[in-house]
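Whatever order the structure lists them in is the order used to number ligands and atoms, beginning at 1. Values below: every heavy atom of this structure, side chains too, minus hydrogens, waters and symmetry copies.
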Amino acid sequence: ASDERDDAFHAIIDADGRIEPRDDMPDAYRRSLVRQMAQHAHSEIIGMQPEGNWISRAPSLRRKAILLAKVQDEAGHGLYLYAAAETLGVSRDELLERLHSGKQKYSSIFNYPTLTWADIGAIGWLVDGAAITNQVPLTRCSYGPYARAMVRICKEESFHQRQGFEALLALTRGTAAQRAMAQDALDRWWYPSLAMFGPPDTPSQERTATHTEQSMRWGIKRFTNDELRQKFVDMTAPQADVLGLRIPDDELRWNDERGHYDFSDPDFDELFRVISGDGPCNEQRMAHRVSAHADGAWVREAASAYAAKHATAQQE
Ligand code: ACO
């Protein structure tokens, strides 16, 4: 019977159809999705912190309103993704517990500090730009609830990306000090943004993308990490020219033969150090997350009590 169930699953995958929560699926597929979706959800909510840092210091009311809306969008993305992960039979409480105890990860990028206002522009332009590059293909992921959540998330991310670019454009059209601030932000965020795509495909280095092959067979990933990194560089290099900023890579140049930009890889040892807890802000991010969760306990209790009361009232 288990073979028949697997056959039904593979028939859907082979036809490029969608797996829905009630369909049979191999345990390994379910586990891998929970791993990726939870990590993605955690990234969204931890990602609120570096930008939240600038809400009270945004340079104008308009910039403050935009940033506030963007950070709220990220909370929303976290919620869609936790809800989508719950369709796989794991509760949000459990996922948060795994984040807080360090059993699950969140994106390396959110362990870097936001030192100046230009960092907010750079995050929108580069980090959200990288996020879109990685997430647009996920709208075609084989797991229906994840794919559908991605549609709305990607629309919001593209607004985020444009607002970041526009904030940097304002700086690059400003004073020499503002232009220098924008360049400094690009210098610090460029390689961490390239590292967001994960380890390299080929084991040219010690570490490599362990999940890609299986995830591509299952239709979860549609492109490899290196393919997406290249797409991102190809999209971003001309935008840096528009901004009049210099991407901090001496190897970066258009390669006519390949039809792509050549570029230098990020330091993957640094990526793995940051993933394993040793980045500039890991401790601070986790401490803040755990205390925010504890501070919100009364809200969860009140909401549950209200829901329970409402349910009894409806039964009567
Ligand atoms: N930060 C933290 N961990 C990472 C990163 C990163 N940038 N890149 C790779 N890893 C981890 C993987 O989770 C995996 O670890 P695990 O086996 O303990 O789970 C390991 O490194 C090997 O990497 P891969 O084999 O490439 O793993 P995977 O196939 O899951 O690909 C990727 C990683 C591309 C991040 C994938 O999970 C993905 O597309 N996730 C959805 C997008 C996402 O999470 N974005 C978050 C940042 S964007 C934002 O929130 C705005």
Of all heavy-atom pairs linking Ile109 and Val127, the shortest is CG1-CG2, 3.7 Å
Where do His293 and Arg300 come nearest, in terms of heavy atoms and distance? O-NH2, 2.9 Å
Relative to the ring of Tyr80, is the ring of His77 parallel (under 30°), tilted (30 to 60°) or perpendicular (over 60°)? tilted
Would Thr210 count as a polar contact of ligand 1, with the cut-off being nitrogen or oxygen pairs under 3.5 Å? yes
Closest by any non-hydrogen atom to atom 25 (O) of ligand 1: pick that one out of His211, Glu213, Met196, Met37. His211
Sub-4.0 Å heavy-atom contact, Phe223 with ligand 1: no
So for Lys221 against ligand 1, with non-hydrogen atoms under 4.0 Å, the contacting part is side chain
Please work out which of Val127, Ile275, Ile220, Leu194 has its closest non-hydrogen atom nearest to atom 21 (O) of ligand 1. Ile275
Got a donor-acceptor contact below 3.5 angstrom from the Arg289 side chain to the Leu96 backbone? no
Quick check: closest heavy atoms across Glu251 and Ser264, and the distance to 0.1 Å? CG-OG, 3.2 Å
What residue and atom, counting heavy atoms only, is the protein's closest point to atom 38 (C) of ligand 1, and at what distance? Gln36 NE2, 3.5 Å
Heavy-atom closest pair, residues Asp201 and Thr208: O-OG1, 3.1 Å
So, for Ala182 and Thr172, which heavy atoms are closest and what is the spacing to 0.1 Å? CB-CG2, 4.0 Å
To check you understand the geometry: which heavy-atom pair defines the closest contact between Gly121 and Ala167, and what is its length? CA-CB, 4.2 Å
Within the distance-only criterion (no hydrogens, no angle test), does the side chain of Arg253 pair as donor or acceptor with the backbone N or O of Asp250 below 3.5 angstrom? yes
Tyr29 vs Phe9 aromatic rings, parallel, tilted or perpendicular, using cut-offs 30° and 60°? perpendicular
Who's the nearest protein heavy-atom neighbour of atom 9 (C) of ligand 1, and how far? Pro199 CD, 3.6 Å
Is the closest N or O pair between Asp128 and ligand 1 shorter than 3.5 Å? no
For atom 50 (O) of ligand 1, the option (of Cys141, Ser43, Ala38) bearing the nearest heavy atom: Ser43
One finds that the ligand 1 atoms under 4.0 Å from a non-hydrogen atom of Arg35 are 13 (O), 19 (O), 30 (O)
Among protein heavy atoms, which sits nearest to atom 18 (O) of ligand 1, and what does the distance come to when rounded to 0.1 Å? Lys105 NZ, 2.2 Å
I need the atoms of ligand 1 closer than 4.0 Å to a non-hydrogen atom of Gln39, numbered in the order shown. 2 (C), 3 (N), 4 (C), 13 (O)
Return the residue, atom name and 0.1 Å-rounded distance of the protein heavy atom closest to atom 6 (C) of ligand 1. Ser108 OG, 3.6 Å
Going by the atom numbers of ligand 1, which of them fall below 4.0 Å from some non-hydrogen atom of Gly198? 8 (N), 9 (C)
Determine, considering heavy atoms only, which of Met216, Met150, Gln135 sits nearest to atom 48 (S) of ligand 1. Gln135
Can you see whether Asp226 engages Gln230 through a side-chain donor-acceptor pair at a distance of less than 3.5 angstrom? no
Check each atom of ligand 1 against the heavy atoms of Asn225 and keep those under 4.0 Å away; list them by number with element. 26 (O)
Heteroatom proximity flag, Glu157 to ligand 1, N/O under 3.5 Å: no
Taking atom 42 (C) of ligand 1 as the point of reference, which of Asp201, Asp73, Leu271, Asn134 owns the nearest heavy atom? Asn134
With heavy atoms of Ala195 as the reference, note each atom of ligand 1 found under 4.0 Å away. 7 (N)
